[in-house]
Amino acid sequence: MADDESATDRTGSEGGQDRPVPGVDSTTPSISRVYDFMLGGKDNFAVDRHVAEMALKIAPDAPAAARANRGFLRRAVRHLAGEVGIRQFLDIGSGLPTQGNVHEVAQAVAPGSKVVYADIDPIVLVHGRALLAKDDSTTVIQGDIRQPEDLLSRPETRRLIDFDQPVGLLLLGILHHLNDEEDPGGIAARLRALLPSGSHLVISHFHNPGPTRPEVSAQAHQAEKLFNQNLGTGRWRSHDEIMAYFGDWKLLDPGLVPLAEWRPEPDEPVERGITYHTFVGGVARNP
């Protein structure tokens, strides 16, 4: 999914005015639309911008964290498609179209790579399907990560993904939006169990470094409170809690690290604000 010239016609805002989208609730903030705003997109409404602006008061460099997450996604997908040879990807919690989406990165390395995007937000389905209407190797479905077996058994998923062959499973910025009582660890384990040997799992997650970085930890607590008050979700977890989502899969070097530190490109810009240590990522392989 990618930026295009019709971005101002697709969604929410044009010239400071919000446009309604059929089937989309513009009165309740959406995680994907808040993230879109942080990336400089136009697919958001006033209620999303309000939450984003409150977040910026706590972490003025939050857009840098959003950009770091996109950079991590691109590098991880490029590695999986190029060096590992993965040819099919499942991106759960994919969010709204932006620059450098999974199918663009993967297909630039390996033409014909297949991608299934999944997101719970109906606006993602609206924009994604319009963008991908002529792409037979890529599709987008609306679904809930809390029902992983349903996502992986959908006809649209099965049309593109062969679960007898290695899969690149992408869980970027999604597990931290599952509350503890929703059992994110159990959901991650169920997803891993459905994938064959040679598959890879890519995770990015909000991180609270604890007493080793007290100022950063305090900011993480503030951000967590803000997200839960306005979005009803958002957990900044410890290093060990995030590591558990990989289970017994083998973590690739350099491990679970701040996003900018995962195999950076030589000239890639690094923005070291207060969010630098509160967003981490890693990639692991199913033995």
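Residues take their numbers from the sequence shown, with the count starting at 1.
- Residues Asp61 and Ile274 are in side-chain contact: their nearest non-hydrogen atoms beyond the backbone lie under 4.5 Å apart.
- Using the six-membered ring where Trp is involved, His103 and Tyr117 have ring planes that are perpendicular, over 60° apart on the 30 and 60° scheme.
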Requested in this report: Start with the C-alpha gap between His239 and His207, add the side-chain angles, then the distance that decides, and say whether side-chain contact (heavy atoms from CB on, under 4.5 Å) holds.
Outcome: CA-CA 7 Å; His239 180 274; His207 173 238; 4.0 Å; yes

Requested in this report: Mind running side chain to side chain donor-acceptor pair (under 3.5 Å) on Asp240 and Ser238 for me, showing each step along the way?
Outcome: CA-CA 5 Å; Asp240 289 347; Ser238 70; 5.6 Å; no

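- Although no hydrogens or angles enter the test, the distance criterion places no donor-acceptor pair under 3.5 Å between the side chain of Asp121 and the main chain of Ser32.
- Across all non-hydrogen atoms, the minimal contact from Met54 to Leu226 is C-CD2, 3.6 Å.
- Put simply, Leu259 and Leu256 are part of two different groups of oily side chains (I, L, V, M, F, W, Y) that touch within less than 4.5 Å, one to the next.
- With hydrogens and angles ignored, the 3.5 Å screen pairs a side-chain donor or acceptor of Glu182 with a backbone N or O of Asn179.
- In this pair, His177 and Phe227 present their aromatic rings parallel. The plane angle is below 30°, not in the 30 to 60° band.
- Side-chain contact between Val124 and Ser94: present, with at least one pair of heavy atoms (C-beta onward) separated by less than 4.5 Å.
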Query raised in the report: Hey, mind stepping through Gln88 and Val116 against side-chain contact (heavy atoms from CB on, under 4.5 Å) and telling me if it holds?
Result: CA-CA 8 Å; Gln88 45 186 10; Val116 174; over 6 Å; no

Query raised in the report: Between Asn230 and Val34, is a side-chain contact (heavy atoms from CB on, under 4.5 Å) present by the stated rule, with each step listed?
Result: CA-CA 11 Å; Asn230 292 276; Val34 171; over 6 Å; no

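- Under the 4.5 Å side-chain heavy-atom criterion for Ile, Leu, Val, Met, Phe, Trp and Tyr, Ile145 and Leu90 are members of the same hydrophobic cluster.
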**Report entry** Residue pair Phe163, Thr157: steps toward the side-chain contact (heavy atoms from CB on, under 4.5 Å) verdict
**Finding:** CA-CA 10 Å; Phe163 287 98; Thr157 305; 4.0 Å; yes

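- Proximity of a side-chain donor or acceptor of Asn44 to a complementary backbone N or O of Gly41 within less than 3.5 Å is detected.
- In the hydrophobic clustering of this structure, Leu175 groups with Leu152; members are Ile, Leu, Val, Met, Phe, Trp, Tyr whose side-chain heavy atoms approach within less than 4.5 Å, directly or through other members.
- His205 and His176 have perpendicular rings, their planes meeting at more than 60° on a 0 to 90° scale where under 30° would count as parallel.
- For the pair Phe206 and Thr278, the minimum side-chain heavy-atom distance is 4.5 Å or more.
- Pairing each heavy atom of Ala118 with each of Leu151, the nearest pair is CB-CD2, 4.1 Å.
- Here CH2 of Trp249 is found 9.5 Å from CZ of Arg285. Values are rounded to the nearest 0.5 Å.
- In this structure, Arg75 forms no cation-pi arrangement with Phe72, as its terminal cationic atom is not both closer than 6.0 Å to the ring centre and no more than 45° off the ring axis.
- For the atom pair CZ of Arg70 and CG of Leu172, the computed distance is 8.5 Å after rounding to the nearest 0.5 Å.
- Rounded to the nearest 0.5 Å, atoms CG (Leu201) and CZ (Arg192) are 7.5 Å apart.
- Side chain of Asn286 to backbone of Pro196: a donor-acceptor contact under 3.5 angstrom is found.
- Grouping the Ile, Leu, Val, Met, Phe, Trp and Tyr side chains by contacts below 4.5 angstrom, directly or via other members, places Leu56 apart from Ile31.
- Under a 3.5 Å cut-off, the side chain of Glu268 and the backbone N or O of Glu265 do form a donor-acceptor pair.
- Of the N and O atoms on the side chains of Gln107 and Ser137, at least one donor lies less than 3.5 Å from an acceptor on the other residue.
- For the atom pair OG of Ser30 and CD1 of Ile120, the computed distance is 10.0 Å after rounding to the nearest 0.5 Å.
- At a threshold of 4.0 Å, the pair Glu149-Arg154 does not count as salt-bridged, since none of the basic side-chain nitrogens sits closer than that to a carboxylate oxygen.
- Proximity of Val140 to Asp119: side-chain heavy atoms (C-beta onward) are nowhere separated by under 4.5 Å.
- Between Pro254 and Arg263, some side-chain heavy-atom pair lies under the 4.5 Å cut-off.
- Remark: side-chain polar atoms of Ser217 are not paired, donor with acceptor, to backbone N or O of Pro211 under 3.5 angstrom.
- Under a 3.5 Å cut-off, the side chain of Asn228 and the backbone N or O of Gly234 do form a donor-acceptor pair.
- Here the side chains of Phe279 and Pro258 are not in contact, with every heavy-atom distance at 4.5 Å or above.
- Within the 4.5 Å cutoff, side-chain heavy atoms of Leu252 are placed close to those of His79.
- Contact record, Trp262 with Gly255: CD1-O, 3.8 Å, taken as the closest heavy-atom pair.
- Looking at Arg237 and Asp180, a side-chain N of the basic residue comes within less than 4.0 Å of a carboxylate O on the acidic one, giving a salt bridge.
- A donor-acceptor contact shorter than 3.5 Å links the side chain of Asp183 to the backbone of Gly186.
- No continuous path of ILVMFWY side-chain contacts below 4.5 Å connects Ile203 to Val257, so the two sit in separate hydrophobic clusters.
- The distance from the OG atom of Ser113 to the CD atom of Glu104 is 13.0 Å, given to the nearest 0.5 Å.
- Between Pro166 and Ser197, the shortest heavy-atom distance links the atoms CG-O, 3.8 Å.
- A donor-acceptor pair under 3.5 Å links the side-chain atoms of Ser199 to the main chain of Val167, judged by distance alone.
- Between Ser26 and Val47, the shortest heavy-atom distance links the atoms O-CG1, 3.4 Å.
- Shortest non-hydrogen contact noted between Leu80 and Gly168 is CD1-CA, 4.4 Å.
- Note that CG of Leu195 and CD1 of Ile161 are 9.5 Å apart. Values are rounded to the nearest 0.5 Å.
- With hydrogens and angles disregarded, no donor-acceptor distance shorter than 3.5 Å links the side chain of His277 to the backbone of Thr275.
- Considering only heavy atoms from C-beta on, Phe89 stays 4.5 Å or farther from Val105 through its side chain.
- A side-chain contact (heavy atoms from CB on, under 4.5 Å) with Val102 is found for one member of Asp91, Thr138, Val202 and no other, namely Asp91.
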